[in-house]
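Quick notes on the structure that follows.
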There are 2 protein chains.
Amino acid sequence: MTSPQPRADLTEETRNRLATKLGAAGLRVTEPRLRLAHLLFRHGNRHVTAEALLDEAHASGLRVSQATVYNTLNQFQAAGLLRQVQVDQARSYFDTNIDVHHHFYVEGEARLIDIAADAVDVARLPDSPAGYDVDRVEVIIRLDKSDRS
Amino acid sequence: MTSPQPRADLTEETRNRLATKLGAAGLRVTEPRLRLAHLLFRHGNRHVTAEALLDEAHASGLRVSQATVYNTLNQFQAAGLLRQVQVDQARSYFDTNIDVHHHFYVEGEARLIDIAADAVDVARLPDSPAGYDVDRVEVIIRLDKSDRS
DNA sequence: AATAAAATTAGAATGATTCTAAGGCTATTT
DNA sequence: AAATAGCCTTAGAATCATTCTAATTTTATT
Ligand SMILES: [Mn+2]
Ligand SMILES: [Mn+2]
Ligand SMILES: [Zn+2]
Ligand SMILES: [Zn+2]
């Protein structure tokens with residue numbers, strides 16, 4: 001019997017796809033970036049901290065430094081491949097979902113859940129102060145454990 | 001001519017009002033708390049960082065430590081006298097406006113502007129995940145400088 | 001006044017993130 | 001296929017907001 005394959009492999013085809021993605025974003029294609037991109041993007045959308053990504057990288061056999069993880073996350077974000085979500089006073093979350101969307105956040109559980117843009121209706125917005133334009137409208141729904149479960 | 005009075009004075013009447021407020025919130029009335037409360041609440045609503053409040057305290061002649069400023073802000077928040085706003089990865093803002101409301105945030109200028117709750121119409125919300133209740137809905141409108149000023 | 005409990009504080013510790021500056025890779029040019 | 005120049009990566013130090021510790025000071029109670 002074959003061994004289970006819990007993680008998507010970084011095939012040559014995937015490497016090519018990711019290399020194209022990095023190139024299109026104006027980033028050079030390097031091994032660390034390619035493999036971090038694979039970890040980030042292989043399985044649908046996710047919210048990840050720098051620490052979690054570093055652990056994952058190490059678990060996958062990639063020997064990469066903390067600085068590179070931070071650099072890569074920041075570069076991916078600057079290039080528009082990731083977006084940063086600010087919900088917790090302690091740490092930053094990086095979001096692989098760069099479409100317009102919103103979040104549930106469970107405080108104390110450090111858990112972010114996507115809300116599709118069309119599931120929230122922000123019907124009316126006030127005018128922006130003179131000289132400023134709206135960059136992004138963010139809705140964060142903070143959750144509590146139910147009163148009685 | 002009388003000297004200008006740029007800051008509201010901490011009169012006996014104000015002290016009594018603030019003492020009542022602290023007492024109602026379950027906090028003991030102490031000189032540092034009274035005077036920090038005065039700085040926080042004397043002039044309408046505001047958004048303040050711990051560092052800014054410490055500077056203000058010192059400028060007003062209150063000799064208080066950084067630890068006390070942090071303790072006081074955290075206690076006021078836990079007591080419901082302040083609310084914390086999380087918009088910047090670097091630092092926390094404390095908001096004296098505890099009513100339901102929203103914010104404009106100008107990145108790079110570290111500036112928060114209140115939006116009255118009724119100026120935004122969040123018409124429809126998705127159901128919360130099972131076992132969780134909505135604690136608070138937060139709308140943050142991130143602003144950019146206009147394209148051409 | 002004596003006592004106990006809570007508050008304040010200086011300074012150290014923490015922890016996420018950034019910086020430095022040195023060596024390693026990549027792409028380009030000869 | 002060198003040689004070159006410009007990124008990239010990295011270990012470790014630095015930064016900086018915030019929290020913690022342990023000792024002192026205040027406040028409230030007896
Ligand atoms: Mn950055
Ligand atoms: Mn706290
Ligand atoms: Zn998301
Ligand atoms: Zn506000």
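Just so we're on the same page: letters track the sequence lines, and every chain starts at 1.
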| Does the side chain of B:Gln84 pick up a donor-acceptor pair with the side chain of B:Gln77 at under 3.5 Å? | yes
| query | How would you label the contact of A:Ser92 with the nucleic acid (heavy atoms, under 4.0 Å): base, sugar-phosphate, or nothing? | reply | sugar-phosphate
| Please give, in whole Å, the distance from C:dA16 P to A:Asn74 CG? | 15 Å
| field | Interatomic distance, A:Gln89 CD vs C:dG15 C1' [rounded to whole Å] | value | 12 Å
| Any idea which of D:dT18, C:dC19, C:dA16 is nearest the A:Glu51 side chain? | C:dA16
| task | Determine the minimum heavy-atom distance between A:Glu138 and A:Val85, stating which atoms define it. | result | OE2-CG1, 4.4 Å
| task | Report the residue (B:Arg28 or B:Arg63) whose heavy-atom-nearest nucleotide on DNA chain C is the more 5′ of the two. | result | B:Arg28
| Roughly how many Å is it from CG in B:Asp88 to P in C:dA16, rounded to a whole number? | 17 Å
| note | Between B:Thr49 and A:Leu27, whichever has its closest DNA chain D nucleotide further toward 5' is A:Leu27
| Nearest-Å distance, CG (A:Leu53) to C1' (C:dA16)? | 15 Å
| query | So what does A:Gln66 hit on the nucleic acid, given a heavy-atom distance under 4.0 Å: a base, only sugar-phosphate, or nothing? | reply | base
| said: Could you check whether any side-chain heavy atom of B:Glu51 comes within less than 4.5 Å of a side-chain heavy atom of B:Glu56, counting everything from C-beta outward? | reply: no
| task | Would you indicate what A:Arg91 reaches in the nucleic acid, counting non-hydrogen atoms under 4.0 angstrom: base, sugar-phosphate, or nothing? | result | sugar-phosphate
| query | What's the CG-P distance between B:Leu22 and D:dT26, to the nearest Å? | reply | 19 Å
| query | For the pair made of CZ in B:Arg33 and P in D:dT26, what is the distance, rounded to whole Å? | reply | 15 Å
| message | Once you apply a heavy-atom cut-off of 4.0 Å, does A:Thr68 come out as touching a base, just sugar-phosphate, or nothing? | response | base
| task | Mind checking B:Val64 for me? I need base, sugar-phosphate or nothing, with any heavy atom below 4.0 Å counting as a touch. | result | sugar-phosphate
| query | Whole Å only: how far is the CG atom of A:Asn71 from the C1' atom of C:dC25? | reply | 15 Å
| request: Assess the side chains of B:His47 and B:Asp114: does a donor N or O sit below 3.5 Å from an acceptor N or O? | output: yes
| Rounding to a whole Å, what distance do you find between B:Leu54:CG and C:dA10:P? | 10 Å
| Taking the nucleotide of DNA chain D with the closest heavy atom to each, which residue, B:Tyr70 or B:Val29, is nearer the 5' end? | B:Tyr70
| field | Charged tip of A:Lys21 within 45° of A:Phe41 ring normal and under 6.0 Å | value | yes
